[in-house]
Amino acid sequence: MTLPVPSASHAPVASAPGHGRVTLARSRDELAAALAIDDRADSTGGVPRAVVMTMGALHQGHFDLVTEAARRVGPGGTVVVTIFVNPLQFAAGEDLEAYPRTLEADVEGLTAVLRAPGGRDAHDSLAVGRLIVFAPTPEVMYPRGEPAVRIDPGPIATVLEGATRPTHFAGVAQVVLTLMHLTRPRWALFGRKDAQQLAIVRAMVRDLAVPVEIVPVGIRREADGLAMSSRNAYLSAQERERALALSRALAAGREAARAGADAAGVRTAALEVLEKAPGVEVDYAAVVDPDSFVDLSGAGLGLPGGSVQPAGAVELAGPSQPVGPVLLALAARVGTTRLIDNALIDLR
Ligand code: PAF
């Protein structure tokens, strides 16, 4: 399908650096045709490809992922951005219908972010060889309806976000693995804002030997500290102000660690801020291993120690003796909007 947006076209074979094109693929065939251009060029040296998976309603946090993807693939490479509000990761009563869908603005934003230095407008050339936007419908993603074979995301998916949203990560893992197969990237970039999603995707790629490198990208914040999220659009002005309690709680946890607190002390410092904040209903404040999601604070949040081998730099010599950064993860409801935020914190 040809784009109803700037620079729309299926790119010619091997776009020259700095003369990249934008392709919007709505079907699997259109995506395959767009990727086949890289595959043909591949025989003459390889076209590096990175994917950024999104649900659209793109903001600067997504654009940071895209910028890092562009840096990795270089001027002749291909960046694939997928835009799909995945029904499998929403439970009944969640915001599947209300989730913002802004495809045209998203493609405009991506084109602007990837514009070559010196490019004049959105019709100008890209800093990468090609941008492919894959925006399927649910029928395209799941042509036979509910997939028969399902991904079990394992124990990490049962705690914290998984305790409140028990089917969420299975739906995420299903779509992420399917999109990896459809887009076949060398790199897939994921934001640290969804720390539990990142840990599950890393574990899935490791355990299922998926040939892709997962690249984490840091959390983008508004000037006042609020972590960027497409769901911030649901907040009223008063709720947005109240939501700042999450980033203040992270700062309190970090400060406690600097003053010598252990994992339990970091958690207490953050929780105190959240509990004092008006209009903020705390779901959890947890300190866990960022890879295994083993509980480090003794609060019974996260997985029990010993049930999963920590996969990263953290070694457990006891319930709160980690070596390397710990993850302070928060979730709270502000009005009807559930917000999450987190920080990696070094304990002394
Ligand atoms: O993080 C998200 O936006 C989604 O969970 C993802 C990875 C695009 C899968 O639908």
Side-chain angles (χ1 to χ4, degrees), residues 155-165 192-200 216 218-219 221-222 224-227 229 232 235 239-308 310-335 337-348:
I156 300 174
T158 62
V159 297
L160 304 189
E161 286 306 287
T164 308
R165 308 180 73 193
R192 288 196 185 279
K193 164 106 187 327
D194 294 304
Q196 200 168 354
Q197 168 173 285
L198 173 65
I200 288 168
I219 298 175
R221 296 181 181 281
E222 306 282 0
D224 59 9
L226 184 68
S229 161
N232 290 350
L235 299 169
E239 287 167 351
R240 199 196 165 292
E241 191 60 33
R242 290 178 163 176
L244 295 177
L246 277 86
S247 50
R248 282 205 313 274
L250 294 176
R254 225 181 267 113
E255 193 47 49
R258 261 197 294 271
D262 63 4
V266 167
R267 174 177 180 271
T268 303
L271 192 56
E272 271 172 17
V273 172
L274 286 182
E275 283 178 342
K276 277 192 202 135
V280 174
E281 194 190 315
V282 186
D283 184 350
Y284 60 75
V287 179
V288 295
D289 176 312
D291 291 310
S292 68
F293 273 64
V294 163
D295 177 26
L296 299 173
S297 74
L301 296 159
L303 290 168
S307 68
V308 171
V314 175
E315 286 167 20
L316 299 179
S320 55
Q321 298 291 320
V323 178
V326 300
L327 182 78
L328 171 57
L330 311 176
R333 203 168 274 282
V334 181
T337 308
R338 194 163 174 287
L339 298 173
I340 58 172
D341 202 351
N342 70 77
L344 287 168
I345 293 182
D346 284 311
L347 301 185
R348 280 180 165 185

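Just so you know, these numbers come straight off a predicted model, no measurement behind them. Positions are given from 1 along the sequence.
Residue V273 comes nearest to A252 through the heavy atom pair CG2-CB, 3.6 Å, listed as atom of the first residue, atom of the second, then distance. What you find for D295 and V287 is that their closest heavy atoms are OD1-O, 3.5 Å. Closest approach of A270 to L328, counting heavy atoms only: CB-CD2, 3.9 Å. Nearest heavy atoms, R267 versus A285: NE-O, 2.6 Å. Closest non-hydrogen pair, A245 versus A277, comes out as CB-CB, 3.5 Å. Closest of all the heavy-atom pairs between A243 and L235 is CB-CD1, 4.1 Å.
Here the side chain of D341 pairs no donor or acceptor atom with the backbone of L330 at under 3.5 angstrom. Of the possible polar contacts, none joining the R338 side chain to the A332 backbone as a donor-acceptor pair under 3.5 Å is found. One N or O on the side chain of N232 and one on the backbone of A227 form a donor-acceptor pair closer than 3.5 Å. Using modelled atom types, no side-chain atom of R254 and backbone atom of I345 make a donor-acceptor pair closer than 3.5 Å.
Interatomic distance, R242 CZ to T337 OG1, rounded to the nearest 0.5 Å: 12.5 Å. Rounded to the nearest 0.5 Å, atoms CG (L296) and CG (L347) are 8.0 Å apart. Rounded to the nearest 0.5 Å, atoms CG (L226) and CZ (R248) are 11.5 Å apart. For the atom pair R258 CZ and D346 CG, the distance stands at 10.5 Å (nearest 0.5 Å). Of the inter-residue distances, the one linking R221 atom CZ with S247 atom OG reads 6.0 Å to the nearest 0.5 angstrom.
Looking at heavy atoms from C-beta onward, I340 lies in side-chain contact with D194 at the 4.5 angstrom threshold. Within the 4.5 Å cutoff, the side chain of V159 has heavy atoms near those of the Q196 side chain. Between R192 and L198 the shortest side-chain heavy-atom distance falls below 4.5 Å.
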*In sequence, state the C-alpha distance, the side-chain angles, and the governing distance for R240 and D224, and then conclude on side-chain contact (heavy atoms from CB on, under 4.5 Å).*
CA-CA 11 Å; R240 199 196 165 292; D224 59 9; 2.8 Å; yes
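Atom CD of E241 has 12 or fewer neighbouring heavy atoms from other residues, nucleotides or ligands inside a 6.0 Å radius.
The side chain to side chain contact (heavy atoms under 4.5 Å, CB included) test applied to A329 returns L160, Y284, L327, N342, not counting sequence neighbours.
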